[in-house]
2 protein chains.
Amino acid sequence: MPSSTVENYLKNILIVSLETKSSVVSMGKIAQGLSVTPGTATTMIKNMAADGWISYFPRKGVRLTRKGRKFAMSMLRRHRLLETFLVETLGLDWSEIHVEAEELEHAISEKVLEKLDEFLGRPRTDPHGHPIPTKGGHIYRANSKTLFLCKAGMKVRIDSIIDQESDFLRFARSKKLIPGNEVTILSHEKEADAIILQIGSDNPFSLGSRSSEKILVSL
Amino acid sequence: MPSSTVENYLKNILIVSLETKSSVVSMGKIAQGLSVTPGTATTMIKNMAADGWISYFPRKGVRLTRKGRKFAMSMLRRHRLLETFLVETLGLDWSEIHVEAEELEHAISEKVLEKLDEFLGRPRTDPHGHPIPTKGGHIYRANSKTLFLCKAGMKVRIDSIIDQESDFLRFARSKKLIPGNEVTILSHEKEADAIILQIGSDNPFSLGSRSSEKILVSL
DNA sequence: ATTCAAATTTTGATTAGTCAAAGTATATGT
DNA sequence: ACATATACTTTGACTAATCAAAATTTGAAT
Ligand SMILES: [Mn+2]
Ligand SMILES: [Mn+2]
Ligand SMILES: [Mn+2]
Ligand SMILES: [Mn+2]
């Protein structure tokens with residue numbers, strides 16, 4: 001069994017490769033994602049390659065092996081089921097659950113996880129709108145686009161929030177930028193680096209590119 | 001914040017000092033309880049003393065400081081609330097929860113624990129009958145005696161099961177040796193090293209000293 | 001008082017994970 | 001083709017936790 005450090009590396013590599021839609025993940029992304037120095041990442045990666053979790057292509061990056069991908073999927077499943085539990089059952093706010101799940105994911109066994117999944121009624125997405133991998137390691141891939149790509153006049157549905165920062169999540173909630181809600185794009189001037197949007201009959205408001213790239217939508 | 005290793009040492013020292021009713025715990029007990037070599041225990045203990053968790057009396061033993069006792073109580077609280085959750089909410093068997101809680105106790109935050117306590121309705125004992133310390137660090141101390149000390153003819157109520165071994169817990173359940181149940185001692189011959197007892201109108205059965213010392217009763 | 005066994009401590013070594021800083025490779029621009 | 005900035009790797013050092021084996025202390029028994 002991998003240490004919780006290895007578990008974090010695996011999950012992070014999987015998330016980056018899902019986000020970027022490329023199976024090879026660079027050392028820089030890994031070091032950044034895990035908040036370690038590049039040298040630390042290189043060392044860890046070499047050990048993980050020796051243990052068969054990943055293929056290591058020096059100076060190119062890293063790819064999950066089948067075994068690595070399977071395990072990483074199970075970590076993602078744990079993380080997202082735990083987040084769902086923390087919100088649905090215990091009533092925590094969606095801005096505080098990420099850090100909690102980041103620890104609990106290493107301590108919960110498959111046995112307990114299965115009971116939890118059953119208790120929660122086999123949810124398919126977590127509170128941020130992210131798909132929860134199945135026990136078999138499958139993940140549903142929505143073809144969402146970032147909100148920043150939407151043109152004026154479009155009406156779209158929010159799929160998920162990428163950013164896990166508490167501050168951004170609290171802001172998003174206050175503006176009703178929540179998975180499931182419908183958004184109308186009132187204007188989008190490329191040069192202004194901002195879009196103006198409206199939810200229901202609420203007051204319209206604007207979002208810069210940085211923020212609007214953190215929100216995935218479809219339709 | 002202490003590492004999870006230190007958390008385990010603190011909790012173990014507290015449990016032993018509650019069980020033996022003596023505030024000083026020997027090195028041997030610590031090493032044994034944590035399944036490490038005596039040398040390892042000595043090294044850890046010296047570091048923990050330097051950090052103010054315990055007072056270390058070389059070749060005598062160790063006593064929790066106020067800070068150490070407070071923290072150890074919070075660990076015991078976490079452990080027992082988690083065990084309760086695993087049985088009450090998720091429906092695991094009482095023979096499998098100890099190992100699970102042993103990991104989860106290090107990953108759950110005070111914030112989540114408080115929500116969990118509320119969700120469970122502030123239980124006062126865990127599934128093995130052990131008292132759950134309050135948030136303030138108080139613990140209810142039953143004046144239970146071990147079942148082996150009971151004389152023939154006595155009728156007592158089971159308070160708790162000390163042993164956390166799966167095999168023993170499954171056996172105990174199968175014999176209805178469960179906290180709350182009433183037991184009648186049919187005979188107790190000291191020399192035979194066994195007592196014969198009966199629960200309700202079930203078939204009587206016998207228990208040796210080893211087993212009957214694992215069960216605490218009162219009344 | 002002497003001896004001995006048990007408990008405890010000390011010593012030297014190992015592993016996982018980390019950083020800082022120095023060294024190396026590579027893509028890009030001229 | 002050359003220079004250089006950027007990304008990456010290597011090296012040397014450190015900490016926490018552990019073990020095996022040797023050394024020490026202590027309480028009891030003779
Ligand atoms: Mn994590
Ligand atoms: Mn999430
Ligand atoms: Mn533990
Ligand atoms: Mn218990």
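Here is how names work: the chains are called A, B, and so on, in the same order as the sequence lines, proteins then strands, and each is numbered from 1. Just so you know, these numbers use all the heavy atoms, side chains as well, and skip hydrogens, waters and symmetry mates.
DNA chain D is contacted by B:Y9 of residues 9-34 of chain B, taking any non-hydrogen atom closer than 4.0 Å.
Under a 4.0 Å N-O distance rule, the pair B:R78/B:E110 qualifies as a salt bridge. The pair B:D117-B:K135 fails the salt-bridge criterion, with no side-chain N (NZ, NE, NH1 or NH2) lying under 4.0 Å from an Asp/Glu carboxylate O. Salt bridge annotation for A:R77-A:E105: absent, with no cationic side-chain nitrogen under 4.0 angstrom from a carboxylate oxygen.
Judged by a 6.0 Å distance limit and a 45° cone about the ring axis, A:K214 is positioned over the six-membered ring of A:F168.
Between A:H106 atom NE2 and C:dA16 atom C1' there is a gap of 15 Å when expressed in whole angstrom units. Between A:M48 atom CE and C:dA16 atom C1' the separation is 13 Å, expressed in whole Å. For the pair B:N47 CG and C:dT10 C1', the computed distance is 14 Å after rounding to whole Å. For the pair B:I45 CD1 and C:dT8 P, the interatomic distance rounds to 11 Å; values are reported in whole Å. Put simply, CE on A:M44 is 16 Å from C1' on D:dT9, counting in whole angstrom units. Distance, B:N8 CG to D:dA16 P: 17 Å, rounded to whole Å.
Counting only heavy atoms from C-beta on, B:R59 has its side chain closest to D:dT24 among C:dT18, D:dT24, D:dC19. Considering only the side chain of A:P38, D:dT9 comes nearest among D:dT18, C:dT9, D:dT9. When the nucleotides D:dA17, C:dT9, C:dG17 are ranked by their closest atom to the side chain of B:S3, D:dA17 comes out on top. Closest to the A:T5 side chain, of the nucleotides D:dT18, C:dG17, C:dT9, is C:dG17. Side-chain atoms of B:T42 lie closest to C:dT10 of the nucleotides D:dT9, C:dA20, C:dT10.
At the phosphate of C:dT10, OP1 or OP2 sits under 4.0 Å from a side-chain N or O atom of B:K46. Of the side-chain N and O atoms in B:T40, one or more sit less than 4.0 angstrom from OP1 or OP2 of D:dC19.
Tested against A:L10, the residues A:M75, A:M73, A:M48 include a single side-chain contact (heavy atoms from CB on, under 4.5 Å) partner, A:M48.
Among the protein residues, B:Y56 comes within range of the sugar-phosphate backbone only, with heavy atoms under 4.0 Å from sugar or phosphate atoms but none that close to a base.
Although no hydrogens or angles enter the test, the distance criterion places no donor-acceptor pair under 3.5 Å between the side chain of B:S4 and the main chain of B:E7.
Side-chain rings of A:F85 and B:F85 approach one another, their centers coming within less than 6.0 Å. Within the 6.0 Å centre-distance limit, the rings of A:H79 and A:H98 are counted as a close aromatic pair.
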*Given pairs defined as Watson-Crick or G-U wobble with both distances under 3.5 Å, what dot-bracket annotation applies to DNA chain C, with ( ) intrastrand, [ ] crossing, | other strand and . unpaired?*
||||||||||||||||||||||||||||||
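For the residue pair B:T37 and B:T40, a side-chain donor N or O sits within less than 3.5 Å of a side-chain acceptor on the partner.
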